[in-house]
Amino acid sequence: MIQKPIKTALPSATRASAKDPAAAGSGEAPASSRAARALERRAAIVEAAMEEFIARGFAATRLDDIAKRAGVAKGTIYLHFKDKESMFEELVRIVIVPVVERLTTLPPPTGSVRDLVESFAGNFLKEVINTRRGDLVRLIVAEGPRFPAVADFYYREVVSRGIAAMRALIELGIARGEIRQKNLARYPQILVAPAMIAVIWQSLFARHAPLDAQEMLRVHLDLIFGERRTT
């Protein structure tokens with residue numbers, strides 16, 4: 001399966017300042033242009049780092065290879081990042097954290113809790129499983145034990161937010177009587193376990209046994225909420 005790379009776009013304000021004729025005519029134009037070029041180089045470094053990390057793994061990736069792919073001198077990297085770990089953290093902030101923030105910003109619970117969970121997990125599968133984000137998640141799973149600082153950062157920025165959102169939904173489901181197993185609130189990881197299984201399965205076993213992740217999610221939620229009634 002061909003995966004489309006995720007582009008690390010510059011902030012819109014930066015792009016605008018670089019192209020704004022009014023800014024070009026002001027005394028601040030040189031500083032704005034330098035800032036825009038610096039952001040462009042930083043974005044190129046982060047994007048190159050993502051491709052190198054995915055291709056080689058975190059441990060084997062060298063700053064020289066990232067610099068070569070980004071088209072910058074190795075010294076330029078140190079103007080933006082102190083080391084490989086800080087570069088990886090920036091990559092997570094740009095590529096994965098916005099998705100988690102969007103998914104965990106849940107709408108007011110006007111519908112059923114199951115509908116909210118299905119929306120959350122379904123969007124996670126769409127945004128992650130067959131994209132470069134999924135490759136990054138698999139990379140963390142594979143190499144996190146060897147680099148605890150990286151794993152700790154990912155937990156703080158990504159995992160803890162998802163767990164908090166799922167626990168809140170479970171507690172709401174229990175309060176409404178939609179979820180009967182009250183101990184589920186102690187283990188919110190169970191709620192989205194199929195999504196993580198799908199991410200890992202995709203890279204390891206999909207060529208042997210393709211997995212219908214959406215259907216697996218539906219069956220999983222039937223076990224938690226009960227089967228949907230058909231009219």
Search all heavy atoms of Ala213 against all heavy atoms of Leu125 and return the closest pair with its distance.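 Nearest pair, atom of Ala213 first, then Leu125: CB-CD1, 3.9 Å.
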Please report the shortest heavy-atom distance between Ala70 and Ala44, naming the atom on each side.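 The pair with the smallest heavy-atom distance is CB-O, 3.6 Å.
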Give the cluster check for [X] versus [Y]: same hydrophobic cluster or not, with ILVMFWY residues linked at side-chain heavy-atom distances below 4.5 Å.
X: Phe205; Y: Met216; value: yes
X: Tyr187; Y: Leu221; value: yes
X: Val159; Y: Val100; value: yes
X: Tyr78; Y: Met87; value: yes
X: Leu204; Y: Ile197; value: yes

Kindly indicate, with the supporting measurements, whether the criterion side-chain contact (heavy atoms from CB on, under 4.5 Å) is fulfilled by Arg132 and Glu51. CA-CA 9 Å; Arg132 285 300 198 220; Glu51 296 302 322; 3.3 Å; yes
If we check side-chain hydrogen bond (donor to acceptor under 3.5 Å, both in side chains) with Glu52, which of these qualifies: Lys68, Arg62, Arg69?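 The single option meeting the side-chain hydrogen bond (donor to acceptor under 3.5 Å, both in side chains) with Glu52 is Arg69.
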Angle class for the Phe88/Phe53 ring planes (parallel below 30°, perpendicular above 60°, tilted otherwise)?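 The rings of Phe88 and Phe53 stand perpendicular, inter-plane angle above 60°.
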Between [Y] and [X], is the closest basic N to carboxylate O distance under 4.0 Å?
X: Arg42; Y: Glu90; answer: yes
X: Glu157; Y: Arg93; answer: no
X: Arg156; Y: Asp152; answer: no

Mark yes or no for whether [X], through its side chain, and [Y], through its backbone, hold a donor-acceptor pair below 3.5 Å.
X: Ser86; Y: Phe81; answer: no
X: Glu143; Y: Ala59; answer: yes
X: Asn123; Y: Ser119; answer: yes
X: Trp201; Y: Pro210; answer: no
X: Gln202; Y: Ile129; answer: no
X: Arg133; Y: Glu127; answer: yes

When rounded to the nearest 0.5 angstrom, what distance separates [atom1] in [X] from [atom2] in [Y]?
X: Leu169; Y: Ile174; atom1: CG; atom2: CD1; result: 11.0 Å
X: Phe225; Y: Arg114; atom1: CZ; atom2: CZ; result: 7.0 Å
X: Glu40; Y: Ser33; atom1: CD; atom2: OG; result: 9.5 Å
X: Arg138; Y: Ile54; atom1: CZ; atom2: CD1; result: 9.0 Å
X: Leu139; Y: Tyr154; atom1: CG; atom2: OH; result: 10.5 Å
X: Leu211; Y: Ile200; atom1: CG; atom2: CD1; result: 11.5 Å

List the steps, then state whether side-chain contact (heavy atoms from CB on, under 4.5 Å) holds for Phe124 with Val199. CA-CA 10 Å; Phe124 177 88; Val199 169; 3.9 Å; yes
Evaluate salt bridge (charged side-chain N to carboxylate O under 4.0 Å, His left out) for Lys74 paired with Asp65, printing each intermediate quantity in order. CA-CA 9 Å; Lys74 183 178 178 180; Asp65 297 321; over 6 Å; no
Begin from the C-alpha positions of Met50 and Asp135 and carry the test side-chain contact (heavy atoms from CB on, under 4.5 Å) through to its verdict. CA-CA 9 Å; Met50 176 170 63; Asp135 291 331; over 6 Å; no
